[in-house]
Amino acid sequence: MTRILILQGHPDASQPHFNHALADAYGRGAEDHGHDVRRIDVAKLDFPLLRSPEQWMHGPVPPGLVEAQHAIGWAQHLVIFFPLWLGGVPALLKGFLEQVARPGFAFHPEGKNPLANKGLTGRSARVVVTMGMPALIYRFYFRAHSLKSLERNILGFVGIAPIHETLIGRIGELSDRQRADWLKKLEKLGQQAG
């Protein structure tokens, strides 16, 4: 059994999106195979954005994010879902990650090398990104720059590894059958806790 945290990073909670269906399929597959699953929907949380390095280093975690930080600490595997917006991670998800990945939790900045004291080692991740453009164009022409930044500068910085990716392109053009195929793929990944 693996402890899995599903982190839904779609910033629009006013209606369900395919991103939500993908996360539900993953969670269903994981739960059906005995994995322990928790979920966080970032769009339903209330938190301010950080506005200074001092706030990040020394300010308290907002009360609305304390449970989210505990869930991240509990998890052995994180699955992060989000749509690609303007070529990057939606601002709300980025703001959430900045708030929860604080010194003393996500890393311990003792000594001169903060990279040596990663606070979230022993955890793996999968990042599932939906986008309007073809996934191959994003990966090879744009070099998946924002995804690589998330993996290296946030997840990798705090010790999460390995990190796997699922890129789903042309989201607006998928047929019902293609959507069903993606849901099956995500359900199978959930079964494997992969």
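All values derive from a computational prediction rather than experimental measurement.
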Are any non-hydrogen side-chain atoms of [X] and [Y] less than 4.5 angstrom apart?
X: Phe96; Y: Leu92; answer: no
X: Ile6; Y: Val37; answer: yes
X: Leu97; Y: Leu150; answer: yes

Would a distance-only check, ignoring hydrogens and angles, find a side-chain to backbone donor-acceptor pair under 3.5 Å from [X] to [Y]?
X: Gln69; Y: Val100; answer: yes
X: Gln55; Y: Arg51; answer: yes
X: Arg38; Y: Ala75; answer: no
X: Ser146; Y: Gly87; answer: yes
X: Lys184; Y: Ala25; answer: no
X: His35; Y: Gln191; answer: yes
X: Arg3; Y: Asp36; answer: no

Pairs meeting criterion salt bridge (Lys or Arg N to Asp or Glu O under 4.0 Å) with involvement of residues 150-179, two or more places apart:
Arg139-Glu165, Lys148-Glu151, Lys148-Glu165, Arg170-Glu173

Can you check whether Phe107 and Trp56 have ring centres sitting under 6.0 Å from each other?
yes

Tyr26 and Thr166: CA distance, side-chain angles, deciding distance, side chain to side chain donor-acceptor pair (under 3.5 Å) verdict:
CA-CA 12 Å; Tyr26 186 100; Thr166 300; over 6 Å; no

Step by step, would you call His77 with Thr2 a side chain to side chain donor-acceptor pair (under 3.5 Å)?
CA-CA 7 Å; His77 183 64; Thr2 302; over 6 Å; no

May I ask you to decide if the ring planes of His17 and His10 are parallel, tilted or perpendicular, using 30° and 60° as cut-offs?
parallel

